[in-house]
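Remember, predicted model here, so these are calculated numbers, not experimental data.
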Amino acid sequence: MKKILLIAFLTLTSMSIQAQEELTWHTDMSKATDISIKENKPMFLFFTGSDWCGWCIRLQKEVFKTPEFIKWAKDNVVLVELDFPRKNEQTDAVKMQNAQLQQQLQVRGYPTVWFVSAAKTAEAKVNLTALGSTGYVAGGPKVWIDGANQIIQKK
């Protein structure tokens, strides 16, 4: 019985690790914007306190690390993590970028997910259009993804 449980645990753990590795979370808005425009997908801006925010950690565990979300994200959005850690170090450029976006989108709490579409102007500037936002939603990946789909349909 112990062997069966151990094998099941190892299998699930390796599947979880494999699933996590499949998603690319960008931290550079410039790079993410270029990809968003090229692939014609909205950006998924995840404002988080990765090393201290309990609801952020719960949202990742219950939704973002599930196979349903991983498939949905690959098909529908460009993922951007805008982290506000207390312990983990960040470059000054990342801190400034994240703070500017937090202020621009008036993020007041964590977790907050903003969906935005990007477009380049004739002057080669980038305009971001806010489509809508959400946060932690109880009910698992299906409920969360259904809400996200309603927001990104505005694109």
Side-chain angles (χ1 to χ4, degrees), residues 16-155:
S16 173
I17 291 169
Q18 197 174 40
Q20 280 180 271
E21 292 173 3
E22 292 179 22
L23 284 181
T24 301
W25 286 90
H26 300 278
T27 56
D28 180 340
M29 273 298 289
S30 178
K31 195 179 291 184
T33 300
D34 291 343
I35 294 167
S36 172
I37 292 169
K38 180 182 173 192
E39 296 182 3
N40 193 31
K41 292 179 182 177
M43 284 189 282
F44 175 111
L45 307 180
F46 178 42
F47 291 86
T48 181
S50 66
D51 63 0
W52 60 269
C53 171
W55 288 106
C56 301
I57 294 165
R58 189 170 177 181
L59 178 59
Q60 287 200 48
K61 180 180 174 188
E62 292 179 11
V63 178
F64 299 170
K65 293 182 180 179
T66 65
E68 298 93 336
F69 178 82
I70 292 167
K71 181 182 180 340
W72 175 84
K74 282 182 169 186
D75 294 340
N76 293 287
V77 294
V78 175
L79 300 169
V80 182
E81 182 182 65
L82 302 162
D83 196 7
F84 296 84
R86 291 186 179 160
K87 298 174 191 160
N88 298 331
E89 290 295 318
Q90 291 179 310
T91 65
D92 289 341
V94 168
K95 286 179 186 177
M96 187 167 46
Q97 166 199 268
N98 294 359
Q100 285 175 339
L101 284 163
Q102 178 188 35
Q103 184 177 11
Q104 182 180 358
L105 293 169
Q106 299 179 355
V107 173
R108 303 268 186 260
Y110 307 104
T112 297
V113 175
W114 268 99
F115 295 93
V116 299
S117 63
K120 287 202 176 178
T121 66
E123 300 85 31
K125 293 183 179 180
V126 175
N127 282 342
L128 296 180
T129 302
L131 303 173
S133 67
T134 187
Y136 176 84
V137 177
K142 182 179 180 346
V143 173
W144 200 94
I145 290 168
D146 287 347
N149 281 332
Q150 290 178 1
I151 295 170
I152 63 174
Q153 286 175 354
K154 297 174 185 175
K155 184 177 188 279

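- Residues T112 and T134 form no side-chain contact, since every pair of their non-hydrogen atoms from C-beta on lies 4.5 Å or further apart.
- K31 contributes atom NZ, which lies 10.5 Å from atom OG1 of T24 (distance to the nearest 0.5 angstrom).
- Shown here for L79 and F69, the closest heavy-atom pair between the two residues is CD2-CZ, 4.2 Å.
- For the atom pair CG of L131 and OG of S117, the computed distance is 4.5 Å after rounding to the nearest 0.5 Å.
- The two atoms that bring S50 and N88 nearest to each other are OG-ND2, 4.0 Å, heavy atoms only.
- For residues 78-87, no residue pair satisfies the salt bridge (Lys or Arg N to Asp or Glu O under 4.0 Å) rule, not counting sequence neighbours.
- For the pair E39 and K41, the salt-bridge criterion is met [side-chain N within less than 4.0 Å of a carboxylate O].
- T48 OG1 to L59 CG: the interatomic distance, rounded to the nearest 0.5 Å, is 8.0 Å.
- From M29, atom CE reaches atom CG of N98 across 9.5 Å, with rounding to the nearest 0.5 Å.
- Taking the charged nitrogens against the carboxylate oxygens, K71 and D75 do have a contact shorter than 4.0 Å, which makes a salt bridge.
- Taking both residues in full, the closest heavy atoms of A130 and L105 are given as CB-CD2, 4.4 Å, listed atom of the first, atom of the second, then distance.
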* Please walk me through it: do T129 and V116 pass side-chain contact (heavy atoms from CB on, under 4.5 Å)? -> CA-CA 5 Å; T129 302; V116 299; over 6 Å; no

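- For the pair Q97 (side chain) and T27 (backbone), a donor-acceptor distance under 3.5 Å is present.
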* Asked: How far apart are the C-alpha atoms of I37 and K120, what are their side-chain angles, what is the distance that settles it, and do they pass the side-chain contact (heavy atoms from CB on, under 4.5 Å) test?
  -> CA-CA 8 Å; I37 292 169; K120 287 202 176 178; 3.5 Å; yes

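- The two atoms that bring A118 and V126 nearest to each other are CB-CG1, 4.3 Å, heavy atoms only.
- Across all non-hydrogen atoms, the minimal contact from A32 to V78 is O-CG1, 3.9 Å.
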* Run the numbers on W72 and V77 for side-chain contact (heavy atoms from CB on, under 4.5 Å), then give the verdict. => CA-CA 8 Å; W72 175 84; V77 294; 3.9 Å; yes

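- Side-chain atoms of P85 and Q90, non-hydrogen and from C-beta on, do get closer than 4.5 Å to each other.
- For the atom pair CG of N149 and CG of N76, the computed distance is 6.0 Å after rounding to the nearest 0.5 Å.
- The pair E68-K142 fails the salt-bridge criterion, with no side-chain N (NZ, NE, NH1 or NH2) lying under 4.0 Å from an Asp/Glu carboxylate O.
- The ring of F46 has its center no closer than 6.0 angstrom to the ring center of W114.
- Closest approach of L23 to F64, counting heavy atoms only: CD1-O, 4.0 Å.
- A donor-acceptor distance shorter than 3.5 angstrom exists from the side chain of W52 to the backbone of F84, with no hydrogens or angles considered.
- The CG atom of D28 sits 8.5 Å away from the OG1 atom of T33 when rounded to the nearest 0.5 Å.
- No side-chain heavy atom of D34 sits less than 4.5 Å from a side-chain heavy atom of K38.
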* To do: Evaluate side-chain contact (heavy atoms from CB on, under 4.5 Å) for V80 paired with W25, printing each intermediate quantity in order.
  => CA-CA 5 Å; V80 182; W25 286 90; over 6 Å; no

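- Proximity of P111 to C53: side-chain heavy atoms (C-beta onward) are separated by under 4.5 Å at one or more points.
- Here the rule is ring pair (Phe, Tyr, Trp, His ring centres under 6.0 Å) with Y136, and of F47, W55, W144 only W55 fits it.
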